[in-house]
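As structure tokens, the structure follows; a few thoughts come after it.
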Amino acid sequence: MSSTDPKSLLPDSLAARVSSLTIKDGRAMAVVDAAGLGERERSDIERALGDILGQRDDVQETRVVMTAERTQRRIIAVGSGKGGVGKSTLTANLAIGLAKRGHKVGLVDADIYGPSQPVILGNQGEKPVARDKKLIPVESAVGIPVLSMGHLVEPGRALAWRGPMAGNALTQLIDAHWGDVDTLVVDLPPGTGDVQLTMMQRFKPLGAVLVSTPQDLALIDAARAGQLFDQAGVPVIGLVENMAGYACPHCGEISDPFGKGGVETAAGRLDLPFLGRIPLDLAIREGSDRGAPPALDTGALGAPFHDIAAKVDAWIGAHN
């Protein structure tokens, strides 16, 4: 071949990403600086190089090596002591709120037995693909890549898994091709079981957010969840009170079917920050069911979620 720099064969936009390109004995070897690129962008570059170089008579094989500094990825866990307190809804909206504040966010739905995120994020029925024996997250309409058992099993199918199997599933969801994601928000299953223990041991979160409704039984369980994080050395960022206050659509009167202020009182008793309240609002449920989480909006419905995200963001800045 000629002494011409092989990079000159490439468009300027592509050549800017190629650190080196050699062609020898029918093999083209390209080293690409992939810093800051997501999985889709990397795949597009690899495909473009293969198409361009493959047209040459002196190239029978193309190899592309991606190089970049490993992203230091922080994990924010969202947990609760019991189910049915709105943890998954908060997780999705917190992820959106953090993304709007400049974080590159991914979401792991670690609620192995009751995955909800594919519905909330509007990508139910989509399937992740694997590369190098690792999953590639599924994109969502809200701009948050996500992995969930809901993407891997048929909708409505019950999983009868023992603890180690659930722990291994969590590992596959977290240890995936997350690209340039710097913050993983993890929707944990309720309680203090094997999935939570696996999370602590293999992927120690930077911090945890606890969600509870105001009534006493939920608060007792939330306190147990807090103790688990404390024993594992994972700081609790704060507590969120969900389903706090219901406005009658006819007269506007506010009632509190689950009580009021219990989580804030518990936060004070436990010497933990209180992050805010989410009202019991039909529009929140409707938005979540149709894949349109309220945090996509900056209006009144999304405001409580953005206030909570701002506090979590400030905590991350102080502790990262």
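Throughout, numbering of the chain's residues begins at 1 and tracks the sequence. The shown structure was predicted, so the numbers you read here are calculated from the model rather than taken from an experiment.
- Around CG of D12, the count of heavy atoms belonging to other residues, nucleotides or ligands within 6.0 Å does not exceed 12.
- Cluster annotation: V64 is not connected to V31 through the hydrophobic network of ILVMFWY side chains, with a link wherever side-chain heavy atoms come within less than 4.5 Å.
- Proximity of V18 to L49: side-chain heavy atoms (C-beta onward) are separated by under 4.5 Å at one or more points.
- To the nearest 0.5 angstrom, R17 atom CZ is 14.0 Å from L10 atom CG.
- Counting heavy atoms from C-beta on, the side chains of V181 and V105 never come closer than 4.5 Å.
- Residue A267 comes nearest to F274 through the heavy atom pair CB-CB, 4.1 Å, listed as atom of the first residue, atom of the second, then distance.
- Side-chain atoms of I96 and L94, non-hydrogen and from C-beta on, never get closer than 4.5 Å to each other.
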Per-pair distances, 0.1 Å, donor-acceptor, side chain in residues 297-308, under 3.5 Å, sequence neighbours excluded:
residue : atom : partner : partner atom : Å
D297    : OD1  : G299    : N            : 3.0
H306    : NE2  : A295    : O            : 2.8
H306    : NE2  : D297    : O            : 3.4

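- Side-chain contact between K104 and T183: absent, with no pair of heavy atoms (C-beta onward) separated by less than 4.5 Å.
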- [ ] Evaluate salt bridge (Lys or Arg N to Asp or Glu O under 4.0 Å) for D44 paired with R40, printing each intermediate quantity in order.
- [x] CA-CA 6 Å; D44 289 345; R40 181 173 297 175; over 6 Å; no
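- In this structure, the side chains of F229 and M200 come closer than 4.5 Å at one or more pairs of heavy atoms.
- Inter-residue side-chain proximity for Q117 and V108 is flagged as unmet; no heavy-atom pair is nearer than 4.5 Å.
- In this structure, L228 is a member of the same hydrophobic cluster as L170, with clusters built from ILVMFWY side-chain heavy atoms closer than 4.5 Å.
- Nearest heavy atoms, A95 versus L107: CB-CD1, 3.9 Å.
- Just one of L239, V263, I278, L90 meets the side chain to side chain contact (heavy atoms under 4.5 Å, CB included) condition when paired with V211; it is L90.
- Checked by atom type and distance alone, the side chain of K204 never pairs as donor or acceptor with a backbone atom of V234 at under 3.5 Å.
- Residues V32 and E46 form no side-chain contact, since every pair of their non-hydrogen atoms from C-beta on lies 4.5 Å or further apart.
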Could you go through residues 136-151 and list every donor-acceptor pair under 3.5 Å that involves a side-chain atom there, pairing it with any protein atom two or more places apart or in another chain?
residue : atom : partner : partner atom : Å
S140    : OG   : I144    : N            : 3.1
S140    : OG   : I144    : O            : 2.6
S148    : OG   : D109    : OD2          : 2.9
S148    : OG   : G150    : N            : 2.9
H151    : ND1  : S148    : N            : 3.4
H151    : NE2  : N123    : OD1          : 3.0

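- Counted by atom type alone, S19 and D33 present zero donor-acceptor pairs between their side chains at under 3.5 Å.
- Between P294 and N93, the closest side-chain pair of non-hydrogen atoms falls below 4.5 Å.
- Applying the salt bridge (Lys or Arg N to Asp or Glu O under 4.0 Å) criterion to R27, with sequence neighbours excluded, gives E61.
- Of all the heavy atoms in K87 and V78, the pair that sits closest is CD-O, 3.5 Å.
- M29 and L53 fall into different hydrophobic clusters, where Ile, Leu, Val, Met, Phe, Trp and Tyr residues are linked whenever their side-chain heavy atoms come under 4.5 Å apart, directly or through other members.
- Put simply, L14 and V65 are part of two different groups of oily side chains (I, L, V, M, F, W, Y) that touch within less than 4.5 Å, one to the next.
- Rounding to the nearest 0.5 angstrom, the gap separating the CG atom in L206 from the CG atom in L184 is 12.0 Å.
- There is a side-chain donor-acceptor pair under 3.5 Å between R202 and T171.
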Side chains of residues 309-319: which donor-acceptor pairs under 3.5 Å do they make with residues two or more places apart or in other chains?
residue : atom : partner : partner atom : Å
K311    : NZ   : L275    : O            : 3.1
D313    : OD1  : H103    : NE2          : 2.6
D313    : OD2  : R101    : NE           : 3.1
W315    : NE1  : H319    : ND1          : 3.4
H319    : ND1  : W315    : O            : 2.9

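- Note on residues 141-152: no pairs pass salt bridge (Lys or Arg N to Asp or Glu O under 4.0 Å), not counting sequence neighbours.
- Here the shortest heavy-atom pairing between D111 and P189 reads OD1-CB, 3.4 Å.
- Listed for the Q124 side chain is no donor-acceptor partner under 3.5 Å among the backbone atoms of L121.
- Linking ILVMFWY residues whenever their side-chain heavy atoms come closer than 4.5 Å, directly or via other members, places M66 and L21 in the same cluster.
- For residues 275-284, the pairs satisfying salt bridge (Lys or Arg N to Asp or Glu O under 4.0 Å) are E241-R277, E264-R277, with sequence neighbours left out.
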Open item on the list: With side chain to side chain donor-acceptor pair (under 3.5 Å) as the criterion, how do N242 and T213 come out once you've worked through the C-alpha distance, each side chain's angles and the decisive distance to 0.1 Å?
Closed with: CA-CA 5 Å; N242 197 24; T213 49; over 6 Å; no
Task: Criterion side-chain contact (heavy atoms from CB on, under 4.5 Å) on D175 and K134, from CA distance to verdict - done: CA-CA 7 Å; D175 189 20; K134 290 187 178 183; 3.3 Å; yes
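- Remark: F203 CZ to R73 CZ distance equals 11.0 Å, nearest 0.5 Å.
- Listed here is the closest heavy atom pair of T62 and G54: OG1-N, 4.4 Å.
- Within a 6.0 Å radius of CG in D289, other residues, nucleotides and ligands contribute more than 12 heavy atoms.
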- [ ] Would you sort out whether I284 and T89 count as a side-chain contact (heavy atoms from CB on, under 4.5 Å), showing the intermediate values?
- [x] CA-CA 9 Å; I284 293 177; T89 299; 3.9 Å; yes
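- The CG atom of L210 sits 9.5 Å away from atom CG of L270, with the distance rounded to the nearest 0.5 Å.
- Residue L188 comes nearest to A77 through the heavy atom pair CD1-CB, 3.9 Å, listed as atom of the first residue, atom of the second, then distance.
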